[in-house]
Amino acid sequence: MSLIGTLARAEAVVAGRAQPVATVRHRYLSQHPLVFVPLTTAGEVGAPLGALVGRDREAPSLLVVTQPRDRDLRFDFLAALATTVIAHMDRYADDVETEPATRNREESEVCADAPQIIVPNAAAADYVRLLGRSTRFRRTAEENPDEPYPVPSRVPLSGRWLTHYGERARTPGASLLLSMTELLSRHWATGQSNLEDQHLGALLGWIAPPKGMTGADAARRAETGRGPDGLLLSPPAGPATDPAFDNTVLAPAMSRFDAARAAARAAGEERSAATSAAEAEVRALVESQLRPTWDDVWRGLDLLRALPEGGHVEERWKRDRWSYTGHRDRVRAGEPPQPKRDDAIAAAQKLMGRETAQVRLEAQEALDDPLVMAGRRLSGEAFAGEVTDVVMAYSEAKVPRPRPLVTVATADVPHFDADAKLYRALPGGKTQEARFVEWPAPGEVTVRLLNGMGRGKVPDEGSVPAAGDRVCWTLFEHAPRGGPELPDPEDTPWTHGGPPETAAAPAAPAPDPVTVEDFL
Amino acid sequence: MSRTTEDSPPHGPARPAPRDPAAEAAAVTEAILRDTLHGSSRGVVVDSPPGAGKSTLVVRAARELTAAGESLMVVAQTNAQVDDLADRLATADPGLAIGRLHGSESPPDPLLDRHPSIVKSAKVADLAQQKVVIATSAKWAYVKTTDLTSPWRHAIVDEAYQMRSDALLQVAGLFERALFVGDPGQLDPFSVVGADQWAGLSYDPSASAVVTLLAHNPGLPQHRLPVSWRLPASAAPLVSRAFYPYTPFRSGTGPGVRRLSFGVPSQGTGPDEVLDEAAASGWGLLELPARHTPRTDPEAVHAVAQVVRRLLDRGGVTFSERSQEPAPLTADRIAVGTAHRDQAAAVRSALTALGVTGVAVDTANRLQGREFDVTVFLHPLSGRPDATAFHLETGRLCVLASRHRHACIVVCRAGVARLLDEHPSTEPVQLGVTVKFPDGWEANHAVLAHLDEHRVPYRT
């Protein structure tokens with residue numbers, strides 16, 4: 001953790017409530033996100049228990065699997081979820097803008113906005129990936145009438161979208177799929193550990209404690225407070241459930257449902273008054289666990305929306321819109337679902353793209369937010385101060401170019417390498433580069449400007465700081481470039497196993513020979 | 001027997017006496033060159049412990065390949081490594097036509113200007129006539145196969161264990177076969193974002209190039225250089241045992257060949273006593289009282305600076321196999337190593353305050369591949385409340401503990417052993433990932449146990 005982060009946490013402990021670590025909001029928030037709060041069944045991977053999902057804070061859809069081990073009910077749940085997901089995805093598909101042609105790209109269309117999904121925590125984002133992985137290869141009745149549990153075609157389609165969103169969420173700064181705990185802990189530091197911040201209720205307790213309580217008290221109550229019925233006052237934000245809830249109320253209710261259904265089936269019926277009552281009971285129980293988290297997610301959105309949006313958020317959101325548009329096009333073109341595993345080229349491509357995104361995100365957050373920049377200054381990666389002296393100088397080229405020497409008085413202690421390169425944001429959004437020259441005196445840095453001064457022999461008006469100006473130079477680049485192009489998959493070199501076998505159709509992956517039921 | 005430089009062990013026909021380190025190293029070198037020049041495999045992998053003559057091997061292999069009429073490309077990882085290799089190669093063979101391919105914004109070291117045989121360019125087409133073309137892997141990645149008339153028949157990949165798998169993916173199309181040379185014990189390549197989703201895949205892009213290469217080509221011949229010419233007899237056994245437990249190596253010099261002594265006697269302070277201990281045994285641990293501190297622990301940083309100051313003030317001289325005469329221990333033969341950049345910056349300003357200049361102060365990452373007479377390092381776990389994977393990384397400690405020819409002095413707060421016991425490795429076990437031995441926890445304990453015998457409490 002950075003020194004400034006440690007300081008903020010220490011201050012949070014003293015103050016008894018979370019301290020801001022950002023002055024602006026660094027992630028894009030849609031006007032109408034799809035909030036998705038999933039719960040899973042203890043002990044069985046990939047068996048959903050229920051979910052609250054929707055765009056309307058007051059009217060979420062409650063989806064419950066009354067008996068999670070019943071595959072018919074499970075696929076009913078997945079079909080209902082797919083309906084909501086596809087509707088959300090389709091809503092943005094046809095509102096497009098035209099992106100003018102550039103040197104590297106023809107004129108193309110990009111969706112004017114993109115659907116956003118918000119989940120409570122990182123584990124729920126992983127669950128989105130799991131749902132995507134377990135449904136995108138499901139066969140429909142049209143594809144194979146003998147398929148044991150055929151699903152409507154929207155199930156594999158929503159699986160592809162959830163997979164796309166789950167992958168995109170791994171790109172630093174991407175906002176298509178966001179988790180509330182990560183959003184909140186990006187903007188506030190609590191007096192507890194990173195691990196404890198994963199608990200949405202406790203995190204909100206620190207950020208906005210109820211009247212008369214400290215953050216620590218509110219967090220403790222959220223984590224361990226139980227009512228007279230022995231259930232947690234603030235149920236876990238999922239997808240895992242509270243074991244006490246599972247054992248004391250959910251399991252008996254499910255048993256009653258199983259018994260009622262067995263009785264109804266014995267009488268030759270699929271449903272009866274007793275099954276309906278038992279089902280309603282399980283639904284109410286699951287909703288009682290989901291609803292507090294649902295409300296917490298929206299409270300978190302309220303807190304975040306109160307922050308002004310950071311300057312580069314819109315630019316990053318545009319990349320998300322491109323990502324959404326790209327996947328829309330792949331679906332429309334009838335391409336197969338994403339393969340089970342990335343090939344060597346795809347993996348390298350993703351890793352490089354994410355590393356560039358990470359560096360870009362860190363730079364943009366610092367430029368958008370003086371508090372973030374303060375952290376970078378404290379760690380020696382930037383410095384700010386007042387210009388004390390400007391000496392005009394010229395390069396030694398045939399046509400001498402202006403290379404003025406600027407001296408800055410600063411209390412910061414940047415860690416320069418020999419001839420380190422420096423970057424400064426200019427008002428117009430451009431970046432000016434400079435090179436570190438020397439420390440003429442303790443607390444003074446001299447740099448040589450390298451560009452951004454126009455074409456003439458005399459620097460453009462305002463392009464060279466004057467004595468008395470406040471300036472901030474960073475040792476990191478503001479707009480890092482991506483790496484070189486990778487070879488095509490069919491040119492994968494021998495060191496990496498050669499070209500992948502094209503014969504293996506990704507739509508029909510070989511089943512796992514060890515596991516009896518390989519559904520994931 | 002005598003040697004001229006530590007990094008160029010004499011080569012020649014293998015002698016019958018197997019215990020002679022020079023003969024042992026020469027036999028391995030011959031086998032490597034035989035596989036490289038005449039073998040049928042597309043790749044040859046050479047593991048080299050610290051200071052085992054890796055650069056010498058690269059230069060020799062390049063010369064033999066070109067002598068056999070081949071042209072080749074050489075891949076290294078940093079511009080400094082590329083410049084160093086070009087310099088060594090041009091010095092060893094002034095008649096060899098060498099091309100130094102560089103980025104348009106990173107011109108080569110002006111040092112290379114003294115070699116008329118080196119042609120420098122940012123475009124590979126300008127270097128088509130050169131027998132050897134050297135560049136960083138990052139620069140090679142921008143060369144397309146369509147830029148070449150045909151791929152190179154041969155390549156040498158240096159520091160291959162520090163090269164990431166995706167970097168190899170970018171350049172492997174440029175050559176048909178290659179010699180991969182590197183030190184498996186040093187710092188692994190890393191990624192600034194998580195790459196767990198590919199863990200266990202043979203082509204995990206965040207893994208080291210050698211791991212991927214061997215996963216796809218398990219039959220490639222692998223060699224190991226058996227002798228460290230850098231590490232003294234006091235250090236090789238510990239470094240070998242702690243960091244290379246299954247691939248031991250030994251020192252090229254026997255006990256007592258390398259010595260360090262001081263003209264000015266000790267004043268009885270901690271820094272002076274730890275210097276005497278290190279001069280006598282090759283190792284010294286200057287222990288400060290246990291305390292949780294920020295990374296740039298001012299007391300520990302000051303102690304490091306004092307040790308360096310006294311090292312220079314006490315008129316140190318070194319005796320080694322290189323010369324009959326003792327050599328004075330000067331600032332440029334001393335290095336200070338740290339885990340973090342801010343710690344290095346703090347040590348630099350502490351040294352400046354004591355009037356010391358010319359001592360290399362850097363992080364482990366940047367000290368990789370370099371060599372000094374005496375090193376002083378701030379223990380990565382000193383003063384920490386926790387032991388993270390970063391601070392436990394085996395390679396980091398290995399780099400810090402294997403840069404010296406004579407003696408190594410560690411400055412550390414007490415209590416690291418307890419810290420280790422409280423933080424056993426908790427990294428998740430990934431299916432399909434080869435477990436690397438030893439883990440940082442174990443290596444740290446091995447080094448600490450040894451240092452404990454050379455412990456001097458800090459007092460002024």
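The interface of residues 355-363 of chain A with chain B, defined by heavy-atom distances below 4.5 Å, comprises A:Glu355, A:Gln358.
A distance of 8.0 Å separates CG in B:Leu201 from CG in A:Asp342, rounded to the nearest 0.5 Å. Note that the OH atom of B:Tyr203 and the CD1 atom of A:Ile345 stand 10.0 Å from one another [nearest 0.5 Å]. Rounding to the nearest 0.5 angstrom, the gap separating the OG atom in A:Ser379 from the NE2 atom in B:His340 is 12.0 Å.
Ranked by heavy-atom pairs under 4.5 Å with chain A, the first of B:Ser191, B:Ala138, B:Gly43 is B:Ser191. Interface summary for chain B: among A:Pro172, A:Ala347, A:Gly497, the most heavy-atom pairs under 4.5 angstrom belong to A:Ala347. Of the listed residues A:Arg341, A:Lys421, A:His415, the one with more heavy-atom pairs under 4.5 angstrom with chain B than any other is A:His415. Each of B:Arg164, B:Gln197, B:Arg348, B:Arg341 has some count of heavy-atom pairs under 4.5 Å with chain A, and the biggest count is that of B:Gln197.
At a 4.5 Å heavy-atom cutoff, the contact between B:Glu105 and chain A is made by side-chain atoms alone. For a residue to count as touching a neighbouring chain, one of its non-hydrogen atoms must lie under 4.5 Å from one of that chain's; by this rule B:Phe390 does not touch chain A. In this structure, the portion of A:Glu167 lying under 4.5 Å from any heavy atom of chain B is its side chain and not its backbone. With a 4.5 angstrom heavy-atom cutoff, B:Ser206 touches chain A via backbone and side-chain atoms both. Interface residue B:Thr212: backbone and side-chain heavy atoms are both found under 4.5 Å from chain A.
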Apply side chain to side chain contact (heavy atoms under 4.5 Å, CB included) to the pair B:Trp198 and A:Leu351, showing each step before the final yes or no. CA-CA 10 Å; B:Trp198 302 292; A:Leu351 181 62; 4.0 Å; yes
Any chance you could lay out the side chain to side chain donor-acceptor pair (under 3.5 Å) test for B:Asn217 and A:Trp494, step after step, and finish with the verdict? CA-CA 8 Å; B:Asn217 304 275; A:Trp494 60 278; over 6 Å; no
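For the side chain to side chain contact (heavy atoms under 4.5 Å, CB included) test with A:Thr495, the passing option among B:Leu214, B:Val157, B:Leu213 is B:Leu213; the others fail.
The backbone N or O of B:Ser165 sits less than 3.5 Å from a side-chain atom of A:His496, completing a donor-acceptor pair.
Heavy-atom contacts from other residues, nucleotides or ligands closer than 6.0 Å to CZ of B:Arg370 number 12 or fewer.
Between A:Ala348 and B:Leu169 the shortest heavy-atom distance is CB-CD2, 3.5 Å.
In this structure, A:Glu485 does not pair ionically with B:Lys144, as no charged nitrogen and carboxylate oxygen lie closer than 4.0 Å.
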